[in-house]
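Position 1 is the first residue of the sequence; numbering continues from there.
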Amino acid sequence: MDELRAISTFIRAAELGSFNKVAEAQGTTPQAVSKTIRQFEQHLGVRLFHRTTRNSSLTEEGQRLLESIKPSLDGVVGALNRARSAARDDEGVIRIATSGSMGRKMLMPLLAEFQQTYPLVQFDLLQEDGFADLVGDRIDVGFRGGNPPDAQVVSRRLFPVQQIVCATPAYLAEHGVPRTLDDLQAHRCTGYRQPGSGRPMAWEFEIDGGTVFHHVQAVLLSNDPETEMHAVLAGMGIGQIDSINGAAAIRDGRLRPLLVDQVSERMGLYLYFAQRADMPGRVRRFIDFAVERLRGSELFHLSPEELRRHAA
């Protein structure tokens, strides 16, 4: 038998004191209500109601059962209602996956602005390199720079991520300005180590409409792009820094871009999420908000004119 349905019918009959009233409330017949209660009594092996032609009242055993199960059922009903409302309301947790530097530089202002409109939303950030397992890590939305996510998720390319070779004015004043890729061999360079393989990533350039990869001998390797940028800011050498990390430092003059006519924009910033028919309303609103704020954003992207203006 359907125990949950029988328990619900039992509680309603206890509250209303009449099988007829229960039938009206449930859109069924008094006979169907009586049958459900009788089967429930047989299932438990105890009589729950004293019955008359007009009314019913709880037996002592029925009263004890009601006092035992009603608080628990009320809790279950409340939990179900909260789950239903979560799909519509602007309250609850949004779990986001991103890298550490991207979370600090790009997402914090975005999350703060979203919470001004939806103050009951909380954020739970998972900050790791690489694309997160949306299902395994219970992630609602991911942000990643690089290549597109795999086809099993929905993704939005928000803007291109530039790979910009740059150095401090002090380093360039002391060591000179490289004008070609071959000139880089005479300079100290930094590098980025791939999170998955651990191998140093080649620098990449756009030349004649294609991508050219160039390997450098790095005096410092890091698996964190923000750390690499700070090494360049400290004067350790020339680095190829992504525009999310480097745009502000270039604009305020702390870094000078080099080889600006060969800047690669092959990679992008992607927002990605699993396709769900039951996606909570707060998550859908946040996705729409993030796409509106970040798509085509120039905050982390420099135009060719800007690159030339700031170039060494």
Side-chain angles (χ1 to χ4, degrees), residues 99-102 104-106 129 143-147 157-173 175-195 200-270 294 296-312:
S99 67
S101 59
M102 193 179 300
R104 288 185 290 272
K105 290 182 179 297
M106 188 191 69
D129 289 323
F143 292 87
R144 278 295 179 273
N147 297 314
R157 181 178 165 108
L158 300 178
F159 55 80
V161 176
Q162 298 162 300
Q163 305 299 312
I164 306 172
V165 176
C166 49
T168 62
Y171 175 91
L172 297 172
H175 299 282
V177 178
R179 302 297 181 185
T180 68
L181 269 61
D182 290 338
D183 290 346
L184 293 172
Q185 295 177 2
H187 287 269
R188 297 170 64 82
C189 298
T190 65
Y192 176 67
R193 190 184 297 280
Q194 296 181 36
M201 285 188 67
W203 290 10
E204 63 177 69
F205 301 88
E206 184 176 321
I207 299 176
D208 296 330
T211 301
V212 173
F213 295 95
H214 183 82
H215 292 275
V216 298
Q217 186 65 38
V219 298
L220 176 137
L221 277 172
S222 173
N223 63 351
D224 175 57
E226 191 174 18
T227 298
E228 183 189 1
M229 184 188 72
H230 283 293
V232 176
L233 286 168
M236 293 186 68
I238 297 174
Q240 187 170 65
I241 307 301
D242 67 84
S243 55
I244 293 176
N245 280 293
I250 291 172
R251 284 178 172 134
D252 64 22
R254 288 178 294 155
L255 292 177
R256 294 291 189 192
L258 308 168
L259 307 172
V260 295
D261 292 328
Q262 299 172 344
V263 170
S264 173
E265 298 189 355
R266 180 180 63 88
M267 297 185 186
L269 174 72
Y270 293 89
L294 294 176
S297 172
E298 297 180 354
L299 188 60
F300 305 104
H301 181 272
L302 294 99
S303 67
E305 294 73 23
E306 272 192 292
L307 287 169
R308 296 188 185 98
R309 185 168 66 250
H310 293 291

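Considering every non-hydrogen atom in both A231 and L220, the closest pair reads CB-CD2, 4.0 Å. When every heavy atom of A202 is checked against every heavy atom of H215, the shortest pair comes out as CB-CE1, 3.5 Å. Between F143 and L294, the shortest heavy-atom distance links the atoms CE2-CD1, 4.0 Å. Residues R157 and R266 share a closest heavy-atom pair of NH1-O, 3.6 Å. The two residues P257 and C166 have their closest heavy-atom pair at CA-CB, 4.0 Å.
In this structure, L181 and Q262 have side chains that are in contact, with non-hydrogen atoms separated by less than 4.5 Å. For the pair D261/R308, a side-chain contact is recorded, criterion being any heavy-atom separation below 4.5 Å from C-beta on. Annotation: side chain of V165 is in contact with side chain of F205 (closest heavy-atom distance under 4.5 Å). Counting heavy atoms from C-beta outward, L258 and P178 have side chains that approach closer than 4.5 Å. The closest side-chain heavy-atom distance from E298 to S303 is not below 4.5 Å.
Atom CZ of R193 is separated from atom OG1 of T227 by 13.0 Å, given to the nearest 0.5 angstrom. The CE atom of M229 sits 9.5 Å away from the CG atom of D224 when rounded to the nearest 0.5 Å. For the atom pair CG (L221) and CD (E228), the distance works out to 8.0 Å, reported to the nearest 0.5 Å. To the nearest 0.5 Å, atoms CD (E206) and CD (E265) are separated by 7.0 Å. Atom NE2 of H230 is separated from atom OG1 of T190 by 12.5 Å, given to the nearest 0.5 angstrom. Residue I250 holds its CD1 atom at 10.0 Å from CZ of R256, rounded to the nearest 0.5 Å.
Other residues, nucleotides and ligands place more than 12 heavy atoms under 6.0 Å from the CD atom of Q194.
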(request) May I have the step-by-step check of side-chain hydrogen bond (donor to acceptor under 3.5 Å, both in side chains) for Q163 and S264, ending in yes or no? (result) CA-CA 5 Å; Q163 305 299 312; S264 173; over 6 Å; no

(request) Check step by step if side chain to side chain contact (heavy atoms under 4.5 Å, CB included) holds for V260 and L302. (result) CA-CA 10 Å; V260 295; L302 294 99; over 6 Å; no

Expected list for residues 234-249: side-chain donor-acceptor pairs under 3.5 angstrom, two or more places apart:
residue, atom, partner, partner atom, Å
Q240, OE1, E204, N, 3.0
Q240, NE2, E204, O, 2.9
D242, OD1, I244, N, 3.1
D242, OD1, N245, N, 3.0
D242, OD1, N245, ND2, 3.4
D242, OD2, N245, ND2, 2.9
S243, OG, Q162, N, 3.0
S243, OG, F300, O, 2.8

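Legend: residues meeting ring-ring contact (aromatic ring centres under 6.0 Å, His included) with H310, ordered by chain and number and at least two apart, are absent.
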